[in-house]
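Along the sequence shown, residues carry numbers from 1.
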Amino acid sequence: PREGQPEGRRGPGAGGSVEAGMKAMNGAVRQLRASIEDPAKRDENLKLINDMQRGAVISKGLSVPKEMLDNAKDDAERTALANTFRTGLIKLTRALLDLEELVAAGKTDDAKAKFEEIVKMKDAGHEAMGMK
């Protein structure tokens with residue numbers, strides 16, 4: 001951490017932990033699943049997408065949790081897992097920005113398809129990191 005910042009904080013507005021960021025994203029996914037196709041919930045959906053973006057960016061800026069690295073057999077594998085973690089969150093952030101644009105433009109069918117793509121990305125990322 002930078003001098004004067006508590007452990008786990010990396011900049012303005014960053015806080016919490018990877019776990020908190022992931023929980024925020026998962027909660028938003030559950031809510032979006034029920035409302036992504038409803039044009040009347042546009043503003044609510046945009047807020048949920050923003051919550052997911054915030055969780056992804058905060059998590060990306062923090063160190064990979066130790067428990068995710070515990071099963072790595074050596075430093076090279078730990079480095080590869082850390083890279084997978086970060087690049088996965090970068091790709092997720094890009095997809096979330098695309099989703100935000102689709103929802104803002106009222107393109108509900110395209111937004112639904114993008115949302116399903118994001119859910120698959122989430123599942124693949126969890127599998128790549130050895131998470132259940």
Side-chain angles (χ1 to χ4, degrees):
R2 293 184 191 121
E3 189 172 304
Q5 286 185 317
E7 184 68 35
R9 293 186 64 98
R10 302 283 189 226
S17 64
V18 171
E19 181 182 6
M22 296 295 167
K23 283 183 179 181
M25 286 189 284
N26 287 330
V29 165
R30 283 190 297 277
Q31 291 177 358
L32 270 173
R33 184 170 276 127
S35 65
I36 192 72
E37 294 179 278
D38 187 348
K41 295 193 175 188
R42 177 184 168 271
D43 291 340
E44 179 183 327
N45 291 340
L46 288 170
K47 181 192 175 306
L48 291 168
I49 293 165
N50 189 67
D51 291 345
M52 291 174 69
Q53 291 168 345
R54 186 180 311 110
V57 170
I58 287 171
S59 296
K60 178 179 66 68
L62 297 171
S63 299
V64 179
K66 181 184 177 312
E67 59 272 10
M68 288 183 185
L69 300 176
D70 282 345
N71 294 327
K73 58 186 171 212
D74 56 27
D75 285 342
E77 194 171 309
R78 280 186 282 283
T79 299
L81 278 172
N83 186 53
T84 297
F85 178 78
R86 185 171 186 84
T87 57
L89 286 168
I90 290 168
K91 289 175 185 176
L92 175 62
T93 301
R94 284 188 182 120
L96 288 167
L97 290 169
D98 292 342
L99 178 61
E100 180 180 10
E101 286 183 326
L102 292 168
V103 170
K107 297 179 179 179
T108 54
D109 290 339
D110 293 338
K112 173 69 174 167
K114 179 57 78 171
F115 175 74
E116 292 304 325
E117 178 185 319
I118 287 167
V119 170
K120 287 178 185 173
M121 289 174 74
K122 175 187 77 86
D123 294 343
H126 287 174
E127 185 177 326
M129 294 303 296
M131 298 170 60
K132 295 179 181 174

Chemist: Should Val64 and Met129 be marked as a side chain to side chain contact (heavy atoms under 4.5 Å, CB included) after you check the CA-CA gap, both sets of side-chain angles, and the distance that decides it?
Modeler: CA-CA 10 Å; Val64 179; Met129 294 303 296; 3.9 Å; yes

Chemist: Would you list the pairs meeting side-chain hydrogen bond (donor to acceptor under 3.5 Å, both in side chains) in which at least one residue belongs to residues 19-31, sequence neighbours left out?
Modeler: Glu19-Lys23

Chemist: A side-chain contact here means heavy atoms from C-beta on lying under 4.5 Å apart; do Leu32 and Met52 qualify?
Modeler: yes

Chemist: Can you name the side chain to side chain donor-acceptor pair (under 3.5 Å) partners of Lys73, sequence neighbours left out?
Modeler: none

Chemist: Got a sec, which residues hit side chain to side chain donor-acceptor pair (under 3.5 Å) with Lys122, two or more places apart in sequence or on another chain?
Modeler: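 In terms of side chain to side chain donor-acceptor pair (under 3.5 Å), with neighbours along the sequence ignored, Lys122 is linked to no residue.
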
Chemist: Examine Leu62 and Ile90 and state if one hydrophobic cluster contains both, with Ile, Leu, Val, Met, Phe, Trp and Tyr joined whenever side-chain heavy atoms are less than 4.5 Å apart.
Modeler: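 In one cluster with Leu62: Ile90, no.
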
Chemist: Could you measure the distance from the CG atom of Leu97 to the CG atom of Leu92? Nearest 0.5 Å is fine.
Modeler: 9.5 Å

Chemist: Suppose we screen for salt bridge (charged side-chain N to carboxylate O under 4.0 Å, His left out). Which residues come up paired with Glu116, at least two apart in sequence or across chains?
Modeler: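 Salt bridge (charged side-chain N to carboxylate O under 4.0 Å, His left out) list for Glu116, sorted by chain: Lys112.
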
Chemist: Any side-chain to backbone donor/acceptor pair from Asn45 onto Ser35? Under 3.5 Å, distance only.
Modeler: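 Yes: the side chain of Asn45 pairs with the backbone of Ser35.
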
Chemist: Determine whether Met22 and Phe115 fall in the same hydrophobic cluster, where Ile, Leu, Val, Met, Phe, Trp and Tyr are linked whenever their side-chain heavy atoms lie under 4.5 Å apart.
Modeler: yes

Chemist: Is any NZ, NE, NH1 or NH2 atom of the basic residue among Lys120 and Glu117 found under 4.0 Å from an Asp or Glu carboxylate oxygen of the other?
Modeler: no

Chemist: Would you say that Leu99 contacts Ile118 through its side chain, given a criterion of any heavy-atom pair below 4.5 Å between the two side chains?
Modeler: yes

Chemist: Examine Leu69 and Leu89 and state if one hydrophobic cluster contains both, with Ile, Leu, Val, Met, Phe, Trp and Tyr joined whenever side-chain heavy atoms are less than 4.5 Å apart.
Modeler: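 As far as the 4.5 Å side-chain criterion goes, Leu89 and Leu69 are connected within one cluster.
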
Chemist: Under the salt bridge (charged side-chain N to carboxylate O under 4.0 Å, His left out) test, which residues partner Lys107, sequence neighbours left out?
Modeler: none

Chemist: Restricting to pairs with a member in residues 62-72, which pass salt bridge (charged side-chain N to carboxylate O under 4.0 Å, His left out), not counting sequence neighbours?
Modeler: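 Checked against salt bridge (charged side-chain N to carboxylate O under 4.0 Å, His left out) - neighbours excluded - the pairs reaching residues 62-72 are Lys66-Asp70.
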
Chemist: Mind checking what makes side-chain contact (heavy atoms from CB on, under 4.5 Å) contact with Ala24, not counting sequence neighbours?
Modeler: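 Counting only residues at least two positions away or on another chain, Ala24 forms no side-chain contact (heavy atoms from CB on, under 4.5 Å).
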
Chemist: Between Val18 and Ser63, what is the shortest heavy-atom contact and its length?
Modeler: CG2-O, 3.5 Å

Chemist: Can I get a per-line list of side-chain donor-acceptor pairs under 3.5 Å for residues 77-88, giving both atom names and the distance, sequence neighbours left out?
Modeler:
unit_1, atom_1, unit_2, atom_2, d
Arg78, NE, Asp75, OD1, 3.3
Arg78, NH1, Ala72, O, 3.4
Arg78, NH2, Asp75, OD1, 2.7
Thr79, OG1, Asp75, O, 3.0
Thr84, OG1, Ala80, O, 3.0
Arg86, NH1, Lys60, O, 2.7
Thr87, OG1, Asn83, O, 2.8
Thr87, OG1, Thr84, O, 3.4

Chemist: Going by heavy atoms in the side chains, are Val103 and Ile36 under 4.5 Å from each other?
Modeler: yes

Chemist: Give every residue pair that meets the side-chain hydrogen bond (donor to acceptor under 3.5 Å, both in side chains) criterion with at least one member in residues 89-101, sequence neighbours excluded.
Modeler: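 Found Gln53-Glu100.
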
Chemist: How far apart are the closest heavy atoms of Arg42 and Ala104, and which atoms are they?
Modeler: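 Taking Arg42 first and Ala104 second, the nearest heavy atoms are NE-O, 3.3 Å.
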
Chemist: Which atom names give the shortest non-hydrogen contact between Ser59 and Gly21, and what distance separates them?
Modeler: OG-CA, 3.7 Å

Chemist: Quick one: do Met121 and Met68 end up in the same hydrophobic cluster if we chain Ile, Leu, Val, Met, Phe, Trp and Tyr together by side-chain heavy atoms under 4.5 Å apart?
Modeler: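 Per the 4.5 Å side-chain linkage, Met121 and Met68 are co-clustered.
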
Chemist: Quick one: does Ser17's side chain have a donor or acceptor within less than 3.5 Å of a partner on Ala20's backbone?
Modeler: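 Judged by distance alone, yes, a pair lies under 3.5 Å.
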
Chemist: Can you list the residues that meet the side-chain contact (heavy atoms from CB on, under 4.5 Å) rule with Glu127, with sequence neighbours excluded?
Modeler: none

Chemist: I want to check something: taking the side chain as every heavy atom from C-beta on, are Leu96 and Lys114 in contact at a cut-off of under 4.5 Å?
Modeler: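 No; the side chains remain at least 4.5 Å from each other.
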
